[in-house]
Amino acid sequence: MSRYNFKETEAKWQAIWEDRKLFAVGERADKPKYYVLEMFPYPSGRIHMGHVRNYTLGDVVARYKRARGFNVLHPMGWDAFGLPAENAAIDNKIHPARWTKDNIATMRRQLKAMGLSYDWSREIATCDPEYYRHEQKMFLDFLKAGLVYRKESWVNWDPVENTVLANEQVIDGKGWRSGVVVEKRLLAQWFLKITAFTEELLRDLKTLERWPDRVRLMQEKWIGRSEGAYILFDIEDASKDEGERLEVYSTRPDTIFGATFAAIAANHPLAQKLAGKDSRLGDFIATCNRSGTSEAAIELAEKVGYETGVRIRHPFVNGKTMPLYVANFVLMEYGTGAIFGCPAHDQRDLEFARKYGIDVIPVVAPKNADAEAFAIGAEAYTDDGVLINSDFLDGLVVEDAKKAVVKRLEAAGAGRKGVNYRLRDWGVSRQRYWGCPIPVIHCAACGVVPVPERDLPVVLPDDVTLDKPGNPLERHPTWKNVPCPTCGNKARRETDTFDTFVESSWYFARFCSPDADTAFDRRSADYWLPVDQYIGGIEHAVLHLLYSRFFTRALRQCGYLGIKEPFAGLLTQGMVCHETYRDDEGRWLFPEQVERAADGTVVAKAGGKPVTIGRSEKMSKSRKNVVDPEAIINAYGADTARLFMLSDSPPDRDLDWTDAGIEGAWRYLNRLWRMVNEPKTPLAPVGAATPKSLGAGSEAAVRAVHKTVAGVSDDLDRFHFNKAIARIRELTNQLDGLDSKNPGAGRALRFGLETVVRLFGPMMPHLTEDLWHSLGHETFLANEPWPVADAAQLVEQNVTVAVQVNGKLRGTLDLPKDSDRETAETAALALGNVVAAIGGKPVRKVIVVPNRIINVVV
RNA sequence: GCGGGCGUGGCGGAAUUGGUAUACGCAGCGGACUUAAAAUCCGCUCCCUUCAUGGGUUGAGGGUUCGAGUCCCUCCGCCCGCACCA
């Protein structure tokens, strides 16, 4: 029996497509444009299965839209700056530029072996000065537009390595290389003013109709708009510092009469000031600063506080004062860095109060509760209710009480209504080498001076040493020494580089005109943008996508482009998982290190000892549950890998990689290949007219083909690739069973097979291109239009209707489509099983859903 | 800790969005072909009970409805994000 030679076939068509420049595109007026983009990869070394999945999904969309008549832009590039290159430099003594370049070469070769329909002439790498010089220009334009500023901000500091650590380099509060406890430290850093667009970023989420709801919801929560009040508390005995007041933000100003303490962040200016007179407070603040800078680390830490001895006055109760604490769970970045605590109606405040013996005064009671008897136990009461113990607020519901409090506060000059956001400005400074230099110069006389545009790009120096801790740019003997562009005196270059999220915030626009002298040609950008379909991992749901949305608005403000939203459609794909293996000593094993023994158990290839199989988890190097895409492509071909990736799970869910699954996909490819190359029924000649009369079997097959075309088109429009494949497989099963004696079988089979080949084109481009030619065609399948179903062939004459008695299925009926109520009801009540189930009881009601179901209620 | 999501046979999943649960595939079992194996082809396969009829089942429990995998509430488990990984 013949087998499909994927190696030869895939290489052949890849060469021909490339040679004919089939996927190179330009702007054109005669077709609608469609821009499909997959998140570009970080060049970490070799492609992994997550890439294969991501790029397969994108390629199906690109090829499908091309067939549907769109002028499709489908580019690829490299997110080439980042921390791993520096780690590799330290570990392997290889220059980050060299390492990155080698990795790109490897990964480009691997991607090309997948047969992806990219316009490779548009390839970009963000570490190329031709790319990042435009980013430096953007930064200067943002600076002019007031969208950039400098301020002090906290970083993770490793006191042994004398260097700043990324959150991922802090493990259990310790530096990953040094193992010593990490401290927080203040550093002057550059910030992009994303908060200038907060309301817009929030409001415009509604316009992103083709984004998953969960991503929009996550962004909404991330921006975190809340309404409340800013309240000023007088500080007792603040005689030396007249007029000093503590400002807090609260979303529950209605609970002000339940306030029994106040707390400020460890790095609140008042805490710093008080620490000057209280060394134990200083120690406490130092302890707080020993936890990491990540919100998770802060929130997960045990909640502790320090009573300062300072007391603050209640704004409405004369003579009432409350203790002021410094607490590790109050964040300086949120609100004013200060809160008032109302333990009765906030769970965290309640736990804090119980721990430090602070009073708990209920001020909101459930509507029908007995106010006298209402007490707080272990749970704070956070629902709506009626105000009690609250002077002028008593009897009001929460909403009205909030308004009443704000009114009084404003009248007393002790506060105001206010809106607050969780969103903070974007800190873009990184104390690292392998990133885009920030184009400013520090002059002792002139201050911060932007690098003049004629001096761009500020290029990274090549001659750096990465074997010592700290930023190599800082240590470089000459690079940072420059004359001040304004006064000409000796000055110092900024040695911080950009967060790599900056590069990925505008790369989609660079692809529109990758060789332009400016960041991008405005006309090209106007033609191609926004991206019609963006595809990538859910892990980018907030940061990358929000930063890109911000950047697009900032670029618009600076006149670069005219759109607000960069990505009109978004598809977030799930992870690729694999089961895990451990040997008898608990060490992880790669899948290729284990095998199934004769008795069915799984053992290690080396030594034959039994292996414990763990559940399927995200593929990761640390657990060794990875399968190398290149090995799969060498063993089965790209089309098999693509088919399996698409057929086994819907794109937004996790996918389990299994050997059995890939084997099954491979068998199917061969089956299809044989159906075309060794047909059981001789195929009608190419282009032959359809005979006047076909046998019943052939006619049914033709109808099935039309139904499949309609179904698959609909599935692909909704990204239900797994369902589309199931449908086509059903059709091939039917075509395989077509009796060759049936009149018109050869014609029906040709029509069926040609359609199957065309429908599978976007998913398995090499095999189908080859079969298309085997079927006698000389055009490129990749250039063929998408098949269209004949609407007349889709109409069913009869439908199967389910018949239930009291909601339980008792039989089915074959009825003409759109039968009227009476016909359906009469037929249903005549069914033997239905009569038996009714058992002579009176029929109360008969529900008829046309063409669907009949339910008899007795 | 906070925010978001997911949960359907031995496994991946389907279910026209409130109307016949388990399509399609994987694995398994039986058969055909073969000296034999591989490959291929045919058949069976959610669970319990039965000659048959029947009954049960969508992580667990409750609710709404003529009817719930789908909507609501409570709980359990797993996953993603938390601003210096990308």
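First the proteins, then the strands, lettered A, B, ... as listed; each starts at 1.
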Within less than 4.0 Å of OP1 or OP2 of [N], is there a side-chain N or O belonging to [X]?
X: A/N733; N: B/G25; answer: yes
X: A/N722; N: B/A14; answer: yes
X: A/R214; N: B/C79; answer: no
X: A/R667; N: B/A27; answer: yes
X: A/S649; N: B/G12; answer: no
X: A/K808; N: B/G56; answer: yes
X: A/R653; N: B/C79; answer: no

Conformer about C1'-N of B/G9 - syn within 90° of 0, anti elsewhere: syn

Syn or anti for B/U17 (syn when the glycosidic angle lies within 90° of 0):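 This nucleotide is in syn.
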
Using a heavy-atom cut-off of 4.0 Å across all strands, would you classify [X] as base, sugar-phosphate, or nothing?
X: A/H540; result: base
X: A/P650; result: sugar-phosphate
X: A/S294; result: sugar-phosphate
X: A/V803; result: nothing
X: A/R430; result: base
X: A/R852; result: base
X: A/T658; result: nothing
X: A/L217; result: sugar-phosphate
X: A/I725; result: nothing
X: A/Q804; result: base
X: A/M575; result: sugar-phosphate

Side chain of [X] (C-beta onward), nearest among [options]:
X: A/M218; options: B/G3, B/C66, B/A86; result: B/G3
X: A/R422; options: B/C85, B/A83, B/U20; result: B/A83
X: A/R810; options: B/C2, B/G55, B/C66; result: B/G55
X: A/L83; options: B/C85, B/C66, B/A83; result: B/C85
X: A/D648; options: B/C82, B/G1, B/G12; result: B/G12
X: A/N156; options: B/C84, B/G56, B/G12; result: B/C84
X: A/L300; options: B/G1, B/G55, B/C24; result: B/G1
X: A/N167; options: B/G13, B/A86, B/C85; result: B/C85
X: A/N833; options: B/G54, B/C82, B/C26; result: B/G54
X: A/D654; options: B/A83, B/C84, B/C79; result: B/C79

Distance in angstrom units between [X] [atom1] and [N] [atom2], rounded:
X: A/L669; N: B/G25; atom1: CG; atom2: P; value: 15 Å
X: A/K723; N: B/A15; atom1: NZ; atom2: P; value: 3 Å
X: A/I538; N: B/A86; atom1: CD1; atom2: P; value: 19 Å
X: A/E333; N: B/C84; atom1: CD; atom2: P; value: 11 Å

Sequence neighbours excluded, every pair satisfying salt bridge (charged side-chain N to carboxylate O under 4.0 Å, His left out) that has a member inside residues 726-736 of chain A: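 Residue pairs with at least one partner in residues 726-736 of chain A: A/R671-A/D736, A/K680-A/D736, A/D715-A/R727.
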
Upstream residue (5' side of RNA chain B) when A/K680 and A/A665 are each assigned their closest nucleotide: A/A665

Complement of [N], any strand, by Watson-Crick or G-U distances under 3.5 angstrom:
N: B/G10; result: B/C26
N: B/C85; result: none
N: B/C46; result: B/G56
N: B/A37; result: none

N/O donor-acceptor pair under 3.5 Å between A/K723 side chain and A/F719 backbone: no

Interatomic spacing from CG in A/L202 to OH in A/Y421 - rounded to 0.5 Å: 7.0 Å

Salt-bridge criterion met for [X] and [Y] (N-O under 4.0 Å):
X: A/R623; Y: A/E617; answer: yes
X: A/R422; Y: A/E295; answer: yes
X: A/K193; Y: A/D425; answer: no
X: A/E494; Y: A/R150; answer: yes

Let's test your reading of the model: under 3.5 Å, does the base of [N] pair with the side chain of [X] as donor and acceptor?
X: A/Q431; N: B/C84; value: yes
X: A/Q189; N: B/C84; value: yes
X: A/R432; N: B/C84; value: yes

Pairing residues for A/R718 by the side chain to side chain contact (heavy atoms under 4.5 Å, CB included) criterion, not counting sequence neighbours: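 Counting only residues at least two positions away or on another chain, A/R718 forms a side chain to side chain contact (heavy atoms under 4.5 Å, CB included) with A/D714, A/H720.
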
